[in-house]
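Have a look at the structure below before the remarks.
Residues: numbered from 1 along the sequence shown.
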Amino acid sequence: MKADIVTIFPDFFRGPLDYGITRRAREMGLAEIAVHDLRGFTHDRHRTVDDRPFGGGEGMVLKPEPIFELLETLPLASREARMEDRIAGRATQSVILLSAQGERFTQQVASQLAALDRIVLVCGRYEGVDERVSEFLADREFSIGDYVLSGGELGAAVILEAVTRLLPGALGNEASTRQESFTAHGHDEVEDGGEFIGNASTCGSNGLLDYPHYTRPAEFRGMTVPEVLLNGNHQQIRRWRRERALKKTLRNRPDLLDGADLSIEDREILSRLGKS
Ligand code: SAM
């Protein structure tokens, strides 16, 4: 996958792209990430990228011309063609504007983006970006959460990290993305006459939060690892993990239960936990 970041602070990305899985994916050639300096596409002595808002008001707004000119140097299909491809389910490219007003970026969106050949991430600053970028250039606007940051750079780094770790081969152990929080797929069902009664493997959160993890030592300053994890009974371990995942989801993110792929066993656990 190729990714292009459009920013007025290219040095910002030195850290986030140079560690862990993102670095490894780049070194392995799985992800090719280019950081573009928006100021390189200005034509005045001061390399001006912003201006005052029409209609008055606080702050400055990123001008459209440098952003349009920069994107015209990238091998992108026209916006119309990209939109048509997206509607037809055959998208290969996406131009994304980081914005507090965007759709919420989720694990599901990360999987969609990981399947593309190229993503372009446009980082706003100041009061935001001239709206014509959203209207006529970007395919999608994403927010990384309901709060306001000073720029889109952290959001672009978040999106890149979430997407890069989903690229086939980026993680050593492929199964480790299957069991994670929010991951909608990945259960190996135990079926009874065609009915989904439970998960055969401990992998696959099916839209819930992940279960708790423990490692050695089994006892640390009087804090012990739950006994069930030490007894080697895989059926009991699987049930315990599922119960704990459900418990944590119910406590921290009850909204996720509505969209989760729940088995009969899950529903029994939830009713025991007091959720109707
Ligand atoms: N005036 C804008 C508003 O109230 O929605 C906020 C602009 S913010 C100070 C400047 C830039 O930071 C935005 O253009 C966007 O690129 C980025 N940004 C801020 N919050 C964000 C969020 N939650 N998710 C993604 N990008 C964000």
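Between Asp210 and Phe182 the shortest side-chain heavy-atom distance does not fall below 4.5 Å. For the pair Val122/Thr7, no side-chain contact is recorded, criterion being any heavy-atom separation below 4.5 Å from C-beta on. Looking only at side-chain heavy atoms (C-beta outward), Leu76 and Arg82 come within less than 4.5 Å of each other. For the pair Leu137/Ile67, a side-chain contact is recorded, criterion being any heavy-atom separation below 4.5 Å from C-beta on. Contact annotation: the side chain of Leu149 never approaches that of Leu98 to less than 4.5 Å [non-hydrogen atoms, C-beta and beyond]. Side-chain contact between Lys63 and Val129: absent, with no pair of heavy atoms (C-beta onward) separated by less than 4.5 Å. Glu268 has its side chain out of reach of Ser263: every pair of non-hydrogen atoms, C-beta onward, lies at least 4.5 Å apart. Residues Thr164 and Leu167 are in side-chain contact: their nearest non-hydrogen atoms beyond the backbone lie under 4.5 Å apart.
Under the 3.5 Å distance criterion, with hydrogens and angles disregarded, no donor-acceptor pair is assigned to the side chains of Gln93 and Arg86.
Closest approach of Ala157 to Pro16, counting heavy atoms only: CB-CB, 3.9 Å. Listed here is the closest heavy atom pair of Phe68 and Arg132: CZ-O, 3.8 Å. Taking each heavy atom of Met28 and Gly169 in turn, the nearest pair found is CE-O, 3.5 Å. Nearest approach of Tyr126 to Met60, heavy atoms of both residues: CB-O, 3.1 Å. The two residues Ile21 and Ala170 make their nearest non-hydrogen contact at CG2-O, 3.9 Å. Contact record, Ala81 with Ala77: CB-CB, 4.1 Å, taken as the closest heavy-atom pair.
Panel note: side chain Arg125, backbone Ile8; no donor-acceptor pair is recorded below 3.5 Å. Side-chain N or O atoms of Ser111 include one that pairs as donor or acceptor with a backbone N or O of Gln107 at under 3.5 Å.
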Item to complete: Step by step, work out the salt bridge (Lys or Arg N to Asp or Glu O under 4.0 Å) result for Glu32 and Arg26.
Response: CA-CA 6 Å; Glu32 210 176 288; Arg26 293 176 76 197; over 6 Å; no
Discussion item. Applying side chain to side chain contact (heavy atoms under 4.5 Å, CB included) to Leu62 and Val133, what does each step give before you reach the verdict?
Written reply: CA-CA 10 Å; Leu62 279 185; Val133 171; over 6 Å; no
Practice prompt. Evaluate side chain to side chain contact (heavy atoms under 4.5 Å, CB included) for Lys275 paired with Leu257, printing each intermediate quantity in order.
Written response: CA-CA 10 Å; Lys275 160 100 177 145; Leu257 290 171; 4.0 Å; yes
Discussion item. Side chain to side chain donor-acceptor pair (under 3.5 Å) for Glu219 and Thr224? Distances and angles first, verdict last.
Written reply: CA-CA 4 Å; Glu219 187 185 340; Thr224 52; over 6 Å; no
Item to complete: Assess whether salt bridge (Lys or Arg N to Asp or Glu O under 4.0 Å) is satisfied between Arg165 and Glu180, documenting all intermediate values.
Response: CA-CA 12 Å; Arg165 64 199 306 287; Glu180 288 175 328; 2.9 Å; yes
Fill in: Test side chain to side chain contact (heavy atoms under 4.5 Å, CB included) applied to Met1 and Ile119, step by step
CA-CA 8 Å; Met1 189 195 71; Ile119 57 173; 4.2 Å; yes
Would you be so kind as to tabulate the donor-acceptor pairs closer than 3.5 Å made by side chains of residues 33-45, with sequence neighbours excluded?
{"unit_1": "His36", "atom_1": "NE2", "unit_2": "Asp4", "atom_2": "OD1", "d": "2.8"}
{"unit_1": "Asp37", "atom_1": "OD1", "unit_2": "Arg39", "atom_2": "N", "d": "3.0"}
{"unit_1": "Arg39", "atom_1": "NH1", "unit_2": "Arg47", "atom_2": "O", "d": "3.0"}
{"unit_1": "Thr42", "atom_1": "OG1", "unit_2": "Arg39", "atom_2": "O", "d": "2.7"}
{"unit_1": "His43", "atom_1": "NE2", "unit_2": "Glu69", "atom_2": "OE1", "d": "2.7"}
{"unit_1": "His43", "atom_1": "NE2", "unit_2": "Glu69", "atom_2": "OE2", "d": "3.3"}
{"unit_1": "Asp44", "atom_1": "OD1", "unit_2": "Arg47", "atom_2": "N", "d": "3.4"}
{"unit_1": "Asp44", "atom_1": "OD1", "unit_2": "Thr48", "atom_2": "N", "d": "2.9"}
{"unit_1": "Asp44", "atom_1": "OD2", "unit_2": "Thr48", "atom_2": "N", "d": "3.4"}
{"unit_1": "Asp44", "atom_1": "OD2", "unit_2": "Thr48", "atom_2": "OG1", "d": "2.4"}

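Remark: Arg23 does not engage Asp18 in a salt bridge, criterion side-chain N to carboxylate O under 4.0 Å. With salt bridges taken as basic N to acidic carboxylate O contacts below 4.0 Å, none links Glu265 and Arg242.
Sparse packing is recorded around CD of Glu227, with 12 or fewer heavy atoms of other residues, nucleotides or ligands lying under 6.0 Å away. Residue Arg216 qualifies as open at atom CZ: its count of foreign heavy atoms under 6.0 Å is 12 or below. With a 6.0 Å radius and a threshold of 12 heavy atoms from other residues, nucleotides or ligands, Gln108 has its CD atom at or below the threshold. Around CD of Glu161, the count of heavy atoms belonging to other residues, nucleotides or ligands within 6.0 Å does not exceed 12.
Taking CZ of Phe136 as the reference point, atom CG of Asp130 lies at 10.0 Å (rounded to 0.5 Å). Distance CD/Glu135 to CG/Leu97: 11.5 Å, rounded to 0.5 Å. Note: Asp139 CG to Ser94 OG = 4.5 Å, rounded to the nearest 0.5 Å. To the nearest 0.5 Å, atom CG of residue Asp261 and atom CG of residue Leu208 are 9.0 Å apart. Rounding to the nearest 0.5 Å places CG of Leu209 at 14.5 Å from NZ of Lys247. Residue Glu103 holds its CD atom at 9.5 Å from CD1 of Ile96, rounded to the nearest 0.5 Å.
If you chain together hydrophobic residues whose side chains sit under 4.5 Å apart, Val95 and Val6 fall into the same group. Linking ILVMFWY residues whenever their side-chain heavy atoms come closer than 4.5 Å, directly or via other members, leaves Leu116 and Met83 in distinct clusters. Follow the hydrophobic side-chain contacts under 4.5 Å out from Leu121 and you reach Leu70 in the same cluster. Leu74 and Ile159 fall within the same hydrophobic cluster, where Ile, Leu, Val, Met, Phe, Trp and Tyr residues are linked whenever their side-chain heavy atoms come under 4.5 Å apart, directly or through other members.
Shown are Leu17, Leu113, Thr22; of these, the side-chain contact (heavy atoms from CB on, under 4.5 Å) with Leu160 is made only by Leu17. With Glu243 as the partner, the side-chain contact (heavy atoms from CB on, under 4.5 Å) test is satisfied by one option alone out of Ile269, Val228, Asp266: Ile269.
Scored by the ring pair (Phe, Tyr, Trp, His ring centres under 6.0 Å) test, His213 finds Tyr211 as partners (sequence neighbours excluded).
Between Phe142 and Phe105, the angle of the ring planes goes over 60°, which puts this pair in the perpendicular group of the 30/60° scheme.
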